[in-house]
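What follows is one structure encoded as structure tokens, with my remarks underneath.
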Amino acid sequence: MIPFSVLDLSPVAMGSNAAQSLRNSLDLARHAEKWGYRRYWLAEHHSMPGIASAATSVVICHVAAGTSTIRVGAGGIMLPNHSPLVIAEQFGTLESLFPGRIDLGLGRAPGSDQVTARALRRNLASDPDQFPQDIMELMGYFAPTCGEQRVMAIPGAGLKVPLWILGSSLFGAQVAAALGLPFAFASHFAPAMMMEALHIYRARFQPSEQLERPYAMLGFNIFAAESDARARFLATSMQQAFVNLRSGRPTQLPPPVDGYESQLSPPAKALLADVLTCSAVGSPETVRGALSAFIERTRPDELMITAQIFDHAARLRSYEIAADIRNSLA
């Protein structure tokens, strides 16, 4: 059985607030644990009205403290925004509090627009192209300390926090392969290079102390409901949010709208058709067919399921249906 996991942006629905979103995230995590999801990841985004997980390590602590067995982690921490030492200390602390349950996914995008990215930078000389060197520095802080080491991550040193490389292009695949780390590809919103990235990662993988053979996880959108029509209706919230974001006007997660796609301009329709190809929208049977085809085509080691659904109860139901489908595919 291919493991399923959850990617949560802690969406802020219109008319709600971040506090409610964070409560919803914990509630979803508890249900995901009960339904057999392997891990629950939260993503770092900044200056976005519809995302409440900006302080990602804090939200991870919130979710891990309210669950007991599911792995909890970052999908991911945008390393150019941070000092590697600070991230080692944060995740060393999380691993100390919740031993054996913490994952650290690393990305090189800012998780924001360029103006916000400048405000986030630890200094103006920070360079996202230094991503591999930052990873190596971070790995050094998790290694056991030696007698002459002057800078140490406490907590952090000597702790086995699994590192993942995130990517939406070929660069992340190359880094993950060279360092012998598991690779998570953002096919749920950037599918264009997915197959090529998978090929590069698997072909060039170098075994490491953490990982003997390639391990690839793929992002996948699931909007599941009792009928195809209901699922298509629920999916319009995410479609609106994505079009708004790409139009330069990010918003909170809008309520669903009947016939939304029919109202779109041809360029907006083409945008959604392009970026949301790794998605399943429909009844349990419809989603099962789409998932089976995707798994057959890509052969992932794990799927990271995301569902930006306005109504929390409907979001829970979508993840429950996805878990039932996973069991039926085993």
Side-chain angles (χ1 to χ4, degrees), residues 2-11 21-22 24-26 28-29 32-33 37-46 48 50-64 67 70-82 87 90-91 94-95 98 101-112 128 131 134-135 138 161-169 171-173 175-176 179 181-191 194 197-198 201 210-211 215-222 238 242 275 278-279 298 300-308 315 319 322:
I2 294 176
F4 280 19
S5 294
V6 175
L7 175 62
D8 182 18
L9 304 184
S10 201
S21 298
L22 296 171
N24 289 345
S25 288
L26 178 55
L28 175 57
E33 184 172 75
Y37 284 87
R38 174 167 290 185
R39 60 188 97 240
Y40 194 98
W41 278 9
L42 293 131
E44 178 187 347
H45 292 277
H46 299 279
M48 293 191 182
I51 297 175
S53 55
T56 314
S57 59
V58 179
V59 186
I60 289 170
C61 189
H62 166 65
V63 170
T67 53
I70 194 168
R71 298 192 65 88
V72 187
I77 291 293
M78 301 298 105
L79 198 51
N81 296 339
H82 309 280
I87 297 305
Q90 290 178 1
F91 280 79
L94 288 167
E95 177 64 22
F98 311 104
R101 294 182 57 208
I102 300 300
D103 295 328
L104 175 49
L106 301 167
R108 69 167 183 151
S112 61
F131 182 55
D134 285 345
I135 295 170
L138 178 61
V161 179
L163 300 185
W164 290 68
I165 303 301
L166 278 58
S168 58
S169 67
F171 183 78
V175 172
L179 297 179
L181 296 176
F183 180 49
F185 190 82
S187 36
H188 60 292
F189 74 89
M194 175 184 66
L198 281 175
Y201 173 63
Q210 179 177 327
L211 196 62
Y215 192 96
M217 178 161 60
L218 300 178
F220 195 81
N221 300 289
I222 291 183
M238 182 271 293
F242 200 90
V275 302
C278 296
S279 305
T298 60
D301 297 289
E302 189 169 340
L303 286 180
M304 179 64 76
I305 307 301
T306 185
Q308 296 284 87
R315 191 175 186 225
Y319 275 105

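Reckoned from all heavy atoms, side chains included, excluding hydrogens, waters and symmetry mates. Predicted, not measured: the structure shown is a model, and the values here were computed from it.
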### Least distance between heavy atoms, S187 atom then G219 atom
OG-O, 2.7 Å
### Task
With side-chain contact (heavy atoms from CB on, under 4.5 Å) as the test, would you mind laying out the steps for L218 and L198 before giving the verdict?
CA-CA 9 Å; L218 300 178; L198 281 175; 3.9 Å; yes
### Message
How close do G172 and I165 get, counting heavy atoms only, and between which atoms?
### Response
O-CG2, 3.6 Å
### Message
Minimum heavy-atom separation for V63 and A29, please, with both atom names.
### Response
CG1-CB, 3.5 Å
### Task
Taking all non-hydrogen atoms of both residues into account, name the closest pair between I102 and V161 and its distance.
O-CG1, 4.2 Å
### Atom of P191, atom of C278 and distance for their closest heavy-atom approach
CB-SG, 3.7 Å
### Message
Check whether S21 reaches the backbone of P11 with its side chain - one donor and one acceptor, N or O, closer than 3.5 Å.
### Response
yes
### Ring centroid separation Y319 to Y37 under 6.0 Å
yes
### Task
Find the distance between CD (Q90) and NE2 (H82) and round it off to the nearest 0.5 Å.
7.0 Å
### Query
Distance from L106 atom CG to F131 atom CZ, nearest 0.5 Å?
5.5 Å
### Message
Please find the pair of heavy atoms, one from A186 and one from S168, that lie closest to each other, and give the distance.
### Response
CB-CB, 4.1 Å
### Query
Out of curiosity, I87 CD1 to L163 CG, how far, rounded to the nearest 0.5 Å?
11.5 Å
### Query
Going by heavy atoms in the side chains, are F185 and P300 under 4.5 Å from each other?
no
### Message
Quick check for you: to the nearest 0.5 Å, what is the distance between I51 atom CD1 and L9 atom CG?
### Response
5.0 Å
### Message
Run R38 and D103 through salt bridge (charged side-chain N to carboxylate O under 4.0 Å, His left out) and show every step you take.
### Response
CA-CA 11 Å; R38 174 167 290 185; D103 295 328; over 6 Å; no
### Query
Would a 4.5 Å heavy-atom cut-off, applied to side chains only, mark F220 and F4 as touching?
no
### Message
I'd like to check E33 versus V72 (side-chain heavy atoms, cut-off strictly below 4.5 Å). Are they in contact?
### Response
no
### Query
Just wondering, do L94 and S57 contact through their side chains at under 4.5 Å, heavy atoms?
yes
### Message
I'd like to check M78 versus H45 (side-chain heavy atoms, cut-off strictly below 4.5 Å). Are they in contact?
### Response
no
### Task
Could you tell me whether a side-chain N or O of Y215 sits under 3.5 Å from a main-chain N or O of A184, the two making a donor and an acceptor?
no
### Check: N221 main-chain N/O paired with T306 side-chain donor or acceptor under 3.5 Å
no
#### Entry: Backbone N/O of L79 and side chain of R108: donor-acceptor pair under 3.5 Å
no
### Task
For the residue pair F98 and T67, establish whether any side-chain heavy-atom pair is separated by less than 4.5 Å.
no
### Query
For the side chain of D301 and the backbone of M217, is there at least one donor-acceptor N/O pair under 3.5 Å apart?
no
## Note on the structure
Interatomic distance, CG@L7 vs NE2@H188, rounded to 0.5 Å, equals 5.0 Å
### Query
Under 3.5 Å, is there a donor-acceptor pair between the side chain of S5 and the main chain of R39?
yes
### Message
So, taking the atom named CG in L166 and the one named CH2 in W41, what distance separates them when rounded to the nearest 0.5 Å?
### Response
5.5 Å
